[in-house]
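Comments concern the structure below.
The structure displayed is predicted, hence computed values, not measured ones. Per chain, numbering begins at 1; letters A, B, ... match sequence-line order.
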Amino acid sequence: MSSAILYALAGAGVFVLGCYGMVVCQHLLRKILAVNFMGSGVFLVLVAFARQSQEGVPDAVPHAMVITGIVVAVSATALALVLMLKLAEETGAASLKDSDKQ
Amino acid sequence: MPVFILNIPWAALLIIVPLIGMLLAFLFSSAARWMGFITVFLNLIAVLGLAQELSSNGVFQHTVGGWSAPLGIELYADGLSLLLLFTTALVSLGVAVYAAGYFSHSKASSFWPIWLMLLTALNALFLSSDIFNLYVTLELLGLSAVALTALAGGRAALLGAMRYLLTTLGGSLLYLLGVALLYHAYDTVDIQLLSQRVEISPVTWTALGLMFLGLSLKTALFPFHFWLPPAHSSAASPVSALLSALVIKASFYMMLRLWLELFSDFGVIDQVLGLLGALAVLWGSWQALRQTRLKLLVAYSTVAQVGYLFLAFPLAGGNQVFAWYAAGYLLISHALAKSAMFMATGNLLQYGNHDRIADLDRVVQRLPITAGAFAVAGVSIMGLPPSGGFIGKWWLLESALVSGRWDLVTVLILGGLLAAAYIFRVLGYTFTEAPVPHEAKRVPPAMQWIALILASASILLGFLAPQILPWLNIGDALIVVEAGS
Amino acid sequence: MESLKLLSNVFDALLATSLVLLAWRILVHQDLFRTVVLFIAFGLLMALAWVRLDAPDIALAEAAIGAGLSGALLLVALARLQRVTASTEKRTEMTTRFTAPVVIYLIGLTALLGLLLYVVALLPTEGMGLNQALAENLDKSGVSHPVTAVLLNFRAYDTFLELAVLLAAFLGAWSLTDIRHYPAEHIEPVLQVLSHTLFPIMLMVSVYLLWVGATHPGGAFQAGSVLAAAMVLFFLSGGKLRLDFHGKLARVLLIGGVTAFLIVSLVTMLIGNDLLQFPILHAAGFIFFLEFIGMISIAAVLSALFLGCRGNVGRSS
């Protein structure tokens with residue numbers, strides 16, 4: 001039972017790593033992966049504590065929330081990837097740094 | 001059967017009607033424009049129906065699926081939700097008229113379904129009373145907004161859209177982490193139940209911090225405003241109008257709602273928000289003054305105006321309810337005025353193929369309606385009487401004077417001066433002749449008139465305060481309940 | 001047994017640590033292809049973690065969507081990206097220069113990490129959650145599996161909006177890129193044989209997952225994503241559909257899920273119930289209808305998103 005908290009702590013770690021990647025990584029693909037990590041971190045925190053309820057039957061509401069979250073995350077990832085590809089076609093690179101920005 | 005006819009569920013219609021419109025616009029792309037018109041018209045009717053229901057029955061509550069919280073999701077509408085729904089409906093009508101003339105057929109078949117999806121997201125957000133459901137509506141809103149931004153095509157719009165997408169996703173996930181913490185601390189995600197159970201504790205502080213950080217990112221509060229000028233200025237003009245007028249306000253609404261219901265006892269946050277709002281007003285107005293391109297100027301003006309909204313947080317402490325009324329009034333005035341301004345700018349862009357402020361070639365003579373729309377909208381943005389913007393800023397000033405917040409009084413006055421500076425600068429150039437005359441293209445009259453109509457509406461608000469205030473009070477949304485009562 | 005408990009705790013500790021370390025490796029690794037493959041591995045480790053956390057539904061969804069479909073999307077997008085940027089490829093810098101704002105940000109992040117670890121440790125560990133309310137109402141929901149009951153009845157409104165989110169992502173992708181399948185130059189013969197064998201099996205698995213979702217872990221999302229995976233396999237092995245995404249049939253399939261929910265919403269309101277309130281006697285029927293159409297729609301949208309990421313080669317913008 002106490003091992004669930006390990007996953008929650010890992011979730012916090014993965015979330016913060018995602019925040020790190022969002023800002024520090026330059027390549028758009030990595031930024032997209034970083035967003036996914038932020039999501040995975042939150043999902044871990046949501047579900048880790050759902051395990052703790054009595055009789056060993058987990059609380060299903062966070063499970064449903066996380067499934068919803070996973071689907072939302074893949075939708076966002078797909079849109080981000082298409083946008084990144086379109087951007088790369090226009091600018092030749094997958095980065096937010098634009099060479100002729102002021 | 002008769003029961004249904006008498007009790008039309010207006011709130012449910014507000015979500016269903018735009019969704020049906022979106023599906024029809026997607027299925028029948030040649031008729032997309034007409035689907036759009038019908039939908040925004042029906043949407044306005046539904047809002048008026050809801051208003052009538054609120055005025056006779058008070059606050060509206062609906063358990064979706066028949067399951068009441070905490071197991072199910074509840075819809076909730078009070079005066080504050082109504083204000084935002086009504087703003088959305090009005091601006092939507094204007095944008096529909098403008099967009100009909102703006103988009104070519106190929107872009108139009110993409111624009112209308114995504115725009116109607118955005119409208120659904122906005123309505124669903126303003127009606128929801130469940131913090132996880134709010135996350136889903138936020139994501140729907142964000143993805144639709146990004147898709148609309150990228151629609152313009154071209155390097156600037158794609159860059160702006162990508163930055164916007166990443167920022168908005170990061171903000172949503174910060175918010176969701178807060179939701180996770182609150183759920184595990186209090187076993188519910190329903191706002192009404194949470195408001196009864198919330199206590200001051202490290203967990204709640206962290207949740208509050210995360211949620212407000214995420215929502216501030218999405219509302220482009222200084223210093224998180226970096227994504228807004230590129231995105232709003234490079235999007236197509238009707239999209240810029242939507243983004244500045246409505247999408248930004250959705251996350252602000254959430255912050256306001258969460259603050260009023262859950263977090264009003266958490267002292268120092270309102271001061272922090274006020275400080276950031278003040279910085280936004282000054283920085284945004286200053287940057288607007290320095291711009292050479294009109295769309296960027298209008299976008300930075302949004303950054304500044306959003307700052308005004310946040311000034312209400314510190315001013316409303318100590319039961320100065322007027323500050324919240326001011327925020328509400330500024331919200332709707334800004335929505336109308338800013339959308340008019342972006343439409344006017346769009347007209348200028350279409351007319352002369354550029355938006356360089358210094359080269360606005362005698363626009364006053366050649367596009368009088370558009371120049372007039374910009375000027376009238378500018379009156380409200382500056383906060384000159386008799387406009388809605390004036391009422392909002394005056395109430396803020398009054399609250400600041402009464403509370404002895406001389407720092408905020410200074411900010412308000414400085415902000416007003418700077419706004420006057422950048423608006424008059426633009427208007428000045430509309431009278432001048434450009435060094436090299438430009439090819440002029442025709443701008444459809446509908447697009448010009450709708451800008452003027454929206455701008456005039458924001459002025460009209462200045463006269464309607466006594467009529468509007470009672471609506472805001474439905475459900476006592478803006479009265480902060482003391483802890484423990 | 002004590003030693004079993006100790007072993008499982010050690011396993012959990014290892015898995016949790018691996019998740020964090022792998023996430024770190026993914027973000028700093030040089031080669032993008034390997035990064036994506038590691039990300040798929042991360043998804044599979046997450047699926048393992050869900051199993052350890054007694055969340056088999058999520059494990060299925062994560063494996064199919066989070067690891068499988070996301071991985072496919074990332075790989076084809078990466079391939080297309082490398083083709084597009086081949087002529088202008090500079091070795092992309094991996095880290096930004098550590099200027100003052102970045103350093104401040106990193107310090108803030110460390111503080112955030114500390115705060116989150118502290119707060120997570122503080123959360124009540126014997127929380128009831130909503131178990132009691134769930135147990136009381138489960139028999140009125142029409143299904144006996146709690147997660148399906150929540151997704152398709154108690155909180156069906158969330159699922160409704162979630163299907164709209166999927167559709168919104170599709171609309172965005174569709175407006176940006178030409179969703180068309182293109183003939184691959186060379187199809188691996190092994191892949192073709194594999195796909196011919198696997199495709200019917202995956203179809204069966206997805207229908208099974210849909211059917212069993214009422215009583216056991218499974219349901220529309222898991223089924224839809226396995227079906228989408230089957231379609232991805234079909235496309236990858238050179239299959240062509242005579243479906244044009246500008247045609248009506250494709251559009252109807254894509255909007256099916258949202259439309260099904262809309263129809264159910266209107267029906268429930270017309271019979272005088274609350275929005276999306278299923279009459280208890282027919283709840284199972286309503287749920288199955290929504291799940292069935294939802295599965296097809298989810299598969300359609302995810303496959304379309306895959307095609308959107310794969311896109312057309314060398315097409316001018």
*How close do A:Met84 and B:Met162 get, heavy atom to heavy atom, and via which atoms?*
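Heavy atoms only, the tightest pair is N-SD, 4.0 Å.
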_Shortest non-hydrogen contact from A:Phe15 toward B:Leu173_ = CE1-O, 4.0 Å
*asked:* Please classify the contact between A:Met22 and chain B as side chain, backbone, both or neither, with a heavy-atom cut-off of under 4.5 Å.
replied: side chain
_Heavy-atom contact with chain B under 4.5 Å, split by part of A:Val35_ =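 Interface part for A:Val35: both.
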*Supply the atom-to-atom distance A:Thr68 OG1 to B:Phe132 CZ, rounded to the nearest 0.5 angstrom.*
4.5 Å
*asked:* I need the B:Leu169 CG to A:Thr77 OG1 distance, nearest 0.5 Å.
replied: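 Nearest 0.5 Å value for the CG-OG1 distance: 8.0 Å.
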*Any A:Leu96 side-chain heavy atom under 4.5 Å of B:Leu166 side chain*: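 Yes, their side chains come closer than 4.5 Å.
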*Side chain to side chain, B:Tyr183 and A:Asp59, heavy atoms closer than 4.5 Å*: yes
Which portion of [X] sits near chain A, non-hydrogen atoms under 4.5 angstrom:
X: B:Leu165; answer: side chain
X: B:Val136; answer: side chain
X: B:Leu140; answer: neither

*More than 12 heavy atoms of other residues, nucleotides or ligands under 6.0 Å from CH2 of B:Trp205: is that the case?*
yes
*Test side-chain contact (heavy atoms from CB on, under 4.5 Å) applied to B:Leu176 and A:Met65, step by step*: CA-CA 10 Å; B:Leu176 186 61; A:Met65 290 181 188; over 6 Å; no
